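Chain A is the first sequence line, chain B the second, and so forth, proteins listed ahead of strands; every chain is numbered from 1. What you see is a predicted model, and the numbers here were worked out from it, not measured in a lab.
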Amino acid sequence: MSDVEILHSRILTWYAANARHLPWRIPASEWPWPGVDRPWAVLVSEVMLQQTPVARVEPVWHRWMDLWPTPAALAAAAPGDAVREWGRLGYPRRALRLHAAATAITRDHRGAIPADLLQLQALPGIGSYTAAAVGAFAFGIRSAVVDVNVRRAEARLVTGAQHPAPSLTAAETRLANELLPRDNADAATWNVAVMELGALVCKASTPACGECPVQAQCAWVLAGRPAHDGPRRTPQKWHGTDRQVRGKLLQVLRDASAPVPRAALDVVWHDEGQRDRCLASLVEDGLVEPLPRELFRLPI
DNA sequence: TACGCGTGGTA
DNA sequence: TTACCAAGCGT
């Protein structure tokens, strides 16, 4: 066996024994919810998982599948309902974009998720990662799914670096494609297997190299696990940022069953200028709908 | 390209 | 406690 074939064999075997049983991973042949469109379910899970951990996504995903089992069902709902049911997953513009994607799928694709990477990526909120993930996991398309877990695992394994570059590089995409198994079915499993290895073993902070099936082949381990030396990603600020204020404003509106007066929003943040600017940006983003007489609500 | 965009768990 | 981290996207 070649070196790459050894990686394939060991990581696929590890995945078979260690994969988490997540609902959106259930194969079509065993899909337990006949009314729930599986490609749609995969797409929703992938958008929810953008920057949000599995544990927080799972209950919201189940709720969404109960409410909106097809793109047409979500398209028929108010965008504000999508924002409300998004709950506290964070980055609520994703909910709005999912609603817009459902509308586009219903209008332009007869309600069926397109089995084509370019058409997927043309949908709102679907970038290169999510298009590849939906293509691979919903339709079995052979394409490299390159998220931060994959980038980190492959960086350590092949390049010997502790961390991947701050943002996706052409070299990382090339490497991921080179490592992708030829066989379509193996490729789909490989994508999710490397992602799972990165999430459970080859972790960012405290990698569990002792549990790694390819430790003996890992360039980073063989180099003595050297500390990162290149530029690190810029740390995110939180306290006092517009993001914090927008989050507080939106929480009031999510929790309200009727339009709320401006006074109810004024109490969440002391700085009037920043508060007004953030409310205006939420309106601009389509996350908040202003009504006459200084009332506000999630968009209908 | 670098930055803005939520939220909460963990060390 | 503060800082880091989590299946990115759009501009």
Side-chain angles (χ1 to χ4, degrees), chain A residues 19-20 22-25 41-61 83 86-98 100-101 120-138 143-154 162-170 172-173 176 188 191-200 202-207 228 231-254 268-269 274 277-278 281-282 284-288:
Chain A
R20 291 170 292 181
L22 303 174
W24 45 84
R25 287 182 180 167
V42 171
L43 190 157
V44 171
S45 78
E46 290 300 338
V47 174
M48 288 182 171
L49 288 163
Q50 293 168 0
Q51 304 283 280
T52 302
V54 166
R56 280 199 284 148
V57 163
E58 208 166 343
V60 179
W61 180 87
V83 174
W86 194 253
R88 304 187 66 79
L89 290 183
Y91 294 146
R93 293 189 292 192
R94 291 182 290 166
L96 224 43
R97 289 177 180 146
L98 266 177
L120 284 167
Q121 200 169 338
L123 296 169
I126 309 296
S128 62
Y129 161 77
T130 306
V134 173
F137 304 146
S143 66
V145 180
V146 190
D147 77 333
V148 72
N149 290 304
V150 171
R151 295 172 55 216
R152 185 176 55 250
E154 294 184 351
Q162 184 185 21
H163 295 295
S167 57
L168 181 64
T169 64
E172 289 175 318
T173 301
N191 280 319
V192 69
V194 178
M195 205 181 301
E196 192 78 334
L197 187 68
L200 300 183
C202 196
K203 296 177 286 187
S205 298
T206 53
H228 180 76
R232 206 68 189 90
R233 86 170 109 165
T234 56
Q236 275 194 348
K237 299 264 186 229
W238 172 246
H239 289 287
T241 61
D242 285 2
R243 267 187 310 152
Q244 185 183 16
V245 179
R246 285 165 56 106
K248 285 178 177 292
L249 292 170
L250 210 52
Q251 186 178 357
V252 172
L253 295 170
R254 271 199 313 264
V268 306
W269 196 250
Q274 187 179 21
R277 182 177 74 241
C278 288
S281 77
L282 287 168
E284 177 68 22
D285 288 348
L287 284 163
V288 172

[X] [atom1] to [N] [atom2], straight-line distance once rounded to whole Å:
| X | N | atom1 | atom2 | value |
| --- | --- | --- | --- | --- |
| A:Q236 | B:dC3 | CD | P | 12 Å |
| A:R25 | C:dA7 | CZ | P | 11 Å |
| A:K237 | C:dT2 | NZ | C1' | 11 Å |
| A:Q162 | C:dC4 | CD | P | 13 Å |
| A:L43 | C:dC9 | CG | C1' | 13 Å |
| A:L98 | C:dG8 | CG | C1' | 13 Å |
| A:M48 | B:dC5 | CE | C1' | 18 Å |
| A:L200 | C:dA7 | CG | C1' | 12 Å |

Is the closest basic N to carboxylate O distance between A:R20 and A:E58 below 4.0 Å?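 Salt bridge between A:R20 and A:E58, a charged N being under 4.0 Å from a carboxylate O: no.
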
Look at the side-chain N and O atoms of [X] and state whether any lies under 4.0 Å from the OP1 or OP2 oxygen of [N].
| X | N | answer |
| --- | --- | --- |
| A:R254 | B:dT7 | yes |
| A:R152 | C:dA6 | yes |
| A:Q51 | C:dG8 | yes |
| A:R246 | B:dG6 | yes |
| A:T241 | B:dG4 | no |

Counting only side-chain heavy atoms from C-beta out, which of [options] sits nearest to [X]?
| X | options | answer |
| --- | --- | --- |
| A:D242 | B:dC5, B:dT7, C:dC9 | B:dC5 |
| A:N149 | B:dT7, C:dC5, C:dA7 | C:dA7 |
| A:R88 | B:dT7, B:dC5, C:dA7 | B:dT7 |
| A:Y91 | C:dC4, C:dA7, C:dG8 | C:dG8 |
| A:S128 | B:dG6, C:dA7, C:dC9 | C:dC9 |
| A:E46 | C:dA7, B:dG8, C:dG8 | C:dA7 |

In a check of side chain to side chain contact (heavy atoms under 4.5 Å, CB included) between A:V288 and each of A:L250, A:L249, A:V83, which one passes?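 Single pass found, and it is A:L250.
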
Is any side-chain N or O of A:R243 under 3.5 Å from a base N or O of B:dG4, one able to act as donor and the other as acceptor?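 Donor-acceptor pair under 3.5 Å: no.
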
Would you indicate what A:L282 reaches in the nucleic acid, counting non-hydrogen atoms under 4.0 angstrom: base, sugar-phosphate, or nothing?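 If one applies the 4.0 Å heavy-atom cut-off, A:L282 turns out to touch nothing in the nucleic acid.
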
Answer with base, sugar-phosphate or nothing: what part of the nucleic acid does A:W86 contact at a heavy-atom distance below 4.0 Å?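 No contact.
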
Taking the C1' atom in each of C:dA6 and B:dT1, what is the distance between them to the nearest angstrom?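 Their C1' atoms lie roughly 23 Å apart.
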
Upstream residue (5' side of DNA chain B) when A:G87 and A:S167 are each assigned their closest nucleotide: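 In this pair, the answer is A:S167.
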
In terms of the nearest nucleotide of DNA chain B, which residue is placed more toward the 5' end: A:P53 or A:T206?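 Residue closer to the 5' terminus by nearest nucleotide: A:P53.
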
I'd like to check the ring pair (Phe, Tyr, Trp, His ring centres under 6.0 Å) partners of A:W24; sequence neighbours left out, ordered by chain and number.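 For A:W24 the ring pair (Phe, Tyr, Trp, His ring centres under 6.0 Å) partners, ignoring immediate neighbours, are A:W61.
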
Any side-chain heavy-atom pair from A:V194 and A:V145 closer than 4.5 angstrom?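 No, too far: nothing below the 4.5 Å cut-off.
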
Hey, are A:Y129 and A:Q50 close enough side-chain-wise for a donor-acceptor pair under 3.5 Å?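 Not at all, the side chains of A:Q50 and A:Y129 share no donor-acceptor pair under 3.5 Å.
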
For A:G240, does its backbone N or O pair with a side-chain atom of A:Q244 as donor and acceptor, under 3.5 Å?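 Such a contact is found between A:Q244 side chain and A:G240 backbone.
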
Starting at the 5' end of DNA chain C, which residue's closest nucleotide do you reach first, A:H239 or A:D147?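 Counting from the 5' end, the first nearest nucleotide belongs to A:H239.
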
